[in-house]
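Remember, predicted model here, so these are calculated numbers, not experimental data. Order of listing sets the numbers, starting from 1, for every ligand and every atom in it. Residues: numbered from 1 along the sequence shown.
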Amino acid sequence: MKLYPSFIYQLISLYDIPIYNEDLETGAPPTGWKNFRESVRQQDTILFITPEYNRPVPAVLKNAIDVGSAPHGRNVFHRKPAAVISLSPGKMGAFGANHHLRQSLVFLNMPVMQQPEA
Ligand SMILES: Cc1cc2nc3c(=O)[nH]c(=O)nc-3n(C[C@H](O)[C@H](O)[C@H](O)COP(=O)(O)O)c2cc1C
């Protein structure tokens, strides 16, 4: 019998993350930003699960990525291993969003699992 390693996951909600605005970094950044950044910091790895909106990822996920990547030099995604699952009722399984997301993850310096594709 083949044994697979188990893992514990934490679902990180994207609902309460205000739209990114660099001007707000200078004062007291929104609580939603602080909570999200801290949630990501606590993880060893990140599994992104996304649908596809007009080919890229939905704006709510892009916003979360922008918030976590800022301010400059404090990217919370830096060096965290990642994997991507995309899903859609469409025949291509949100292929566009999957690869659009991978482009951002390269820039965030996340090593991303290549195979198997999901
Ligand atoms: C605004 C919008 C754009 C969409 N664009 C695409 C698309 O480009 N490709 C695709 O396969 N599905 C597309 N869909 C279908 C979604 O991927 C599908 O409904 C998905 O299950 C939505 O997940 P959600 O309800 O968690 O947002 C789109 C849906 C919406 C609402």
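- Summary of contacts: the protein heavy atom closest to atom 5 (N) of ligand 1 is Asn54 N, 2.8 Å.
- Of the possible polar contacts, one joining the Lys80 side chain to the Arg41 backbone as a donor-acceptor pair under 3.5 Å is found.
- Nearest protein neighbour of atom 24 (P) of ligand 1, counting heavy atoms only, is Tyr53 OH, 3.9 Å.
- Around the CD atom of Glu22, the shell of radius 6.0 Å holds no more than 12 heavy atoms that belong to other residues, nucleotides or ligands.
- Looking at Pro30 and Pro18, their side chains come closer than 4.5 Å, going by heavy atoms from C-beta outward.
- A donor-acceptor distance shorter than 3.5 angstrom exists from the side chain of Glu52 to the backbone of Gly96, with no hydrogens or angles considered.
- Summarising the contacts of atom 10 (C) of ligand 1 with Ser88, Gly96, Gly90, the nearest heavy atom is found in Ser88.
- Scanning the protein for heavy atoms near atom 26 (O) of ligand 1, the closest one is Pro51 CG, 4.1 Å.
- Remark: side-chain polar atoms of Ser69 are not paired, donor with acceptor, to backbone N or O of Asn75 under 3.5 angstrom.
- Between Lys91, Glu52, Arg55, it is Glu52 that holds the heavy atom closest to atom 17 (O) of ligand 1.
- Using a 4.0 Å cut-off between heavy atoms, Pro89 contacts ligand 1 through its side chain alone, with no backbone atom that close.
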